[in-house]
Amino acid sequence: MASWEPVIGLEIHVQLKTRTKMFCRCENVWGEDENTRTCPICLAHPGTLPVPNKTAIEWAIKLGLALGCEIAPRALFHRKHYFYPDLPKGYQISQYDVPLASEGRFVLPTAEGDREIGIVRAHLEEDAAKTIHVGGAAGRIAGAEYSLVDFNRGGTPLVEVVSEPDVRSPDEARRFLQLLRRTVVELGISDAEMEKGSLRCDANVSLREAGETEFRTKTELKNMNSFKFVADGIAAELERQRKIYESGGDIVQETLHYDTSTGTVTPLRSKEYADDYRYFPEPDLVPVEPPAEMIEAAQAAIGELPAARIRRLETEIGFDLAEGLVSSGRDALFEQVSGDRRAVANVLMNQFAATGVDPDHVNADELGKLIEARESIPRGTFDEAIAASGNGDFSAERYLGEAAISDASQLDPVIERVLAANEEQVASFQAGKEGVLGFLVGQVMKETEGKANPKIVNERLRERLRA
């Protein structure tokens, strides 16, 4: 049986949060009533002319530098022709053979060392409008009764980041996308929220036998809207391709949709090639020639990148916690909270993460007091306090007074009652099935309404059961 190697490249669209759109002065906002943020330029009325957004160009340069790209001394806008109902011009203003940024590399830290994912290009373009399919399954065009177009999004500035086919697993694709998103957010150029569409990802997927150096036919998975679905969709397509190859078939180059409800991929259309788009230079826009001072200012505005912070924090708390904190944006809070470093990191990545509290709204000093006293506070009280930590007036003092029951003289009578009521579980434990200890601890916690110190309960139960 052949040993297969995944070959994956990602195309990530980052919607920039500039005040206005890419080529007109319409306000660039999300969530407004349909078709209320439009003008003759973004609706492509005859005789209108585009004017490029300077801030969008500056931010695209900033992202390109953060990705280790070369910035073109002279970049061109092109017209990319294809018909969609959400492109009123019948073409998209994009960049083709001379993008603003190219030939970069993205460092992806792993527990085994750094992986470098090549960046082919990061180019500027305008977004299309949003088509809403009514009556179809999961908002898809298949089976829809009719479609509506909201032109508010049309003309929004986008940077499309195209990676080399250097990604080698679905999980690596997920981690790459999460860290890239964190980089974009910290640069201050985008909210990069997949559920809102300000970060969108397509994946080019193929297989080859281990040891092969040539690429085989690829397929493209379109518009996956969560990190999990990106990984799941790639995994499903890799499995589909493996079965085709091992049954003697061939892969057809096409664009696919990943159905999250069934875990399967289905064809959308045959894959377009560059020739199909009939690119030619945009005659209404001059070339972009960024001055040296613009590039220098963009470079100076880039702080410590997330990948570097993962490596720095790894020495304190280990790779997994460091990666989790940085990718989730909780590392800044972690560095402000005093106390045992691994304990703080574990709370932030577990109990705190489960609350959905915004780390930026937390008083680090008060949270530190709470974490330091976590062993002496009932579990329910601790969880309640963590959930309240984002409130502006949060104080740990209110919760520190509710000390957990740790006195053996108070716990032992409860433990005796629990053991007497659960003779079967006691016998199982004494026969070697230690997994039932968790059940017995839970019963003591229930009896004490969650106020017992679970660590002390665990210790007292073991002593009693082995007596």
Side-chain angles (χ1 to χ4, degrees), residues 10-15 21-22 26-40 42-45 80-94 125-158 160 170 174 177 190-205 219-237 239-240 252-272 276-277:
L10 300 182
E11 298 176 9
I12 300 113
H13 289 83
V14 179
Q15 198 176 81
K21 292 185 182 182
M22 185 65 222
C26 286
E27 191 176 2
N28 180 22
V29 290
W30 184 86
E32 296 288 299
D33 291 340
E34 292 83 354
N35 297 308
T36 56
R37 301 297 178 182
T38 61
C39 72
C42 58
L43 291 177
H45 288 193
K80 178 182 180 182
H81 294 82
Y82 59 105
F83 174 76
Y84 282 128
D86 46 15
L87 275 172
K89 291 194 291 286
Y91 60 86
Q92 177 190 42
I93 300 179
S94 182
E125 59 189 22
E126 59 179 341
D127 206 350
K130 182 178 181 180
T131 302
I132 302 166
H133 305 295
V134 181
R140 295 285 170 176
I141 192 170
E145 298 174 18
Y146 57 91
S147 298
L148 300 172
V149 182
D150 177 9
F151 286 98
N152 283 352
R153 193 178 73 181
T156 298
L158 284 181
E160 180 175 355
R174 175 189 60 79
L177 185 58
S190 175
D191 294 330
E193 297 181 13
M194 295 191 81
E195 63 274 17
K196 292 182 179 179
S198 55
L199 179 73
R200 307 197 291 274
C201 180
D202 305 332
N204 293 298
V205 181
T219 57
E220 183 180 24
L221 287 165
K222 295 289 287 185
N223 294 330
M224 295 169 287
N225 63 357
S226 80
F227 301 122
K228 181 180 185 300
F229 292 158
V230 168
D232 290 350
I234 292 171
E237 174 56 9
E239 179 63 11
R240 186 187 75 91
V252 176
Q253 183 160 333
E254 57 189 346
T255 300
L256 305 169
H257 161 61
Y258 173 60
D259 187 332
T260 59
S261 62
T262 64
T264 59
V265 294
T266 53
L268 288 175
R269 59 181 180 271
S270 60
K271 172 64 181 171
E272 297 93 342
D276 296 327
Y277 295 126

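Among residues two or more places apart in sequence or in another chain, the side chain to side chain contact (heavy atoms under 4.5 Å, CB included) test is passed with Ala129 by Asp86, Val149, Phe151. His81 meets the ring pair (Phe, Tyr, Trp, His ring centres under 6.0 Å) test with Tyr91, Phe280; sequence neighbours excluded.
Residues Ala44 and Pro88 approach most closely at CB-C, 3.9 Å, considering heavy atoms. Met224 approaches Phe229 most closely through the heavy-atom pair SD-O, 3.7 Å.
With contacts defined as side-chain heavy-atom distances shorter than 4.5 Å, the pair His13/Glu125 qualifies. Looking at heavy atoms from C-beta onward, Met194 lies in side-chain contact with Phe227 at the 4.5 angstrom threshold. Side-chain contact between Asp232 and Thr260: absent, with no pair of heavy atoms (C-beta onward) separated by less than 4.5 Å. Contact check for Arg174 versus Val230: no side-chain heavy atoms found under the 4.5 Å cut-off. Side-chain contact between Lys21 and Glu126: absent, with no pair of heavy atoms (C-beta onward) separated by less than 4.5 Å. Side-chain contact check for Glu27 versus Glu32: every heavy-atom pair is 4.5 Å or farther apart. No side-chain heavy atom of Asn28 sits less than 4.5 Å from a side-chain heavy atom of Met22. Side-chain contact between Asn204 and Thr219 is absent, with no heavy atoms from C-beta onward closer than 4.5 Å.
Taking NZ from Lys130 and OG1 from Thr156, the interatomic distance works out to 11.5 Å, rounded to the nearest 0.5 Å. Between Glu11 atom CD and Arg200 atom CZ the span is 12.5 Å, to the nearest 0.5 Å. Asp202 CG to Leu256 CG: the interatomic distance, rounded to the nearest 0.5 Å, is 11.0 Å. We find the OG1-CG distance between Thr38 and Leu43 to be 4.5 Å, quoted to the nearest 0.5 Å. Distance OG1/Thr264 to OH/Tyr258: 8.0 Å, rounded to 0.5 Å. Atom NE2 of residue His133 and atom CG of residue Leu148 lie 10.0 Å apart, to the nearest 0.5 angstrom.
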query = Which is it for Lys196 and Asp191 under the side-chain contact (heavy atoms from CB on, under 4.5 Å) test, yes or no, and what are the steps along the way?
reply = CA-CA 9 Å; Lys196 292 182 179 179; Asp191 294 330; 5.6 Å; no

Stepwise side-chain contact (heavy atoms from CB on, under 4.5 Å) check, Leu199 with Ser190 = CA-CA 8 Å; Leu199 179 73; Ser190 175; over 6 Å; no

key: Intermediate values then yes/no, side-chain contact (heavy atoms from CB on, under 4.5 Å), Leu221 and Val265   = CA-CA 8 Å; Leu221 287 165; Val265 294; 3.7 Å; yes

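Using a distance-only test at 3.5 Å, with no hydrogens or angles considered, a donor-acceptor pair links the side chain of Asn152 to the main chain of Arg37. In terms of modelled atom types and a separation under 3.5 Å, the side chain of Ser198 and the main chain of Gln15 share no donor-acceptor contact. No donor-acceptor pair under 3.5 Å is formed between the side chain of Asp127 and the backbone N or O of Gly154.
More than 12 heavy atoms of other residues, nucleotides or ligands sit less than 6.0 Å from atom NZ of Lys89.
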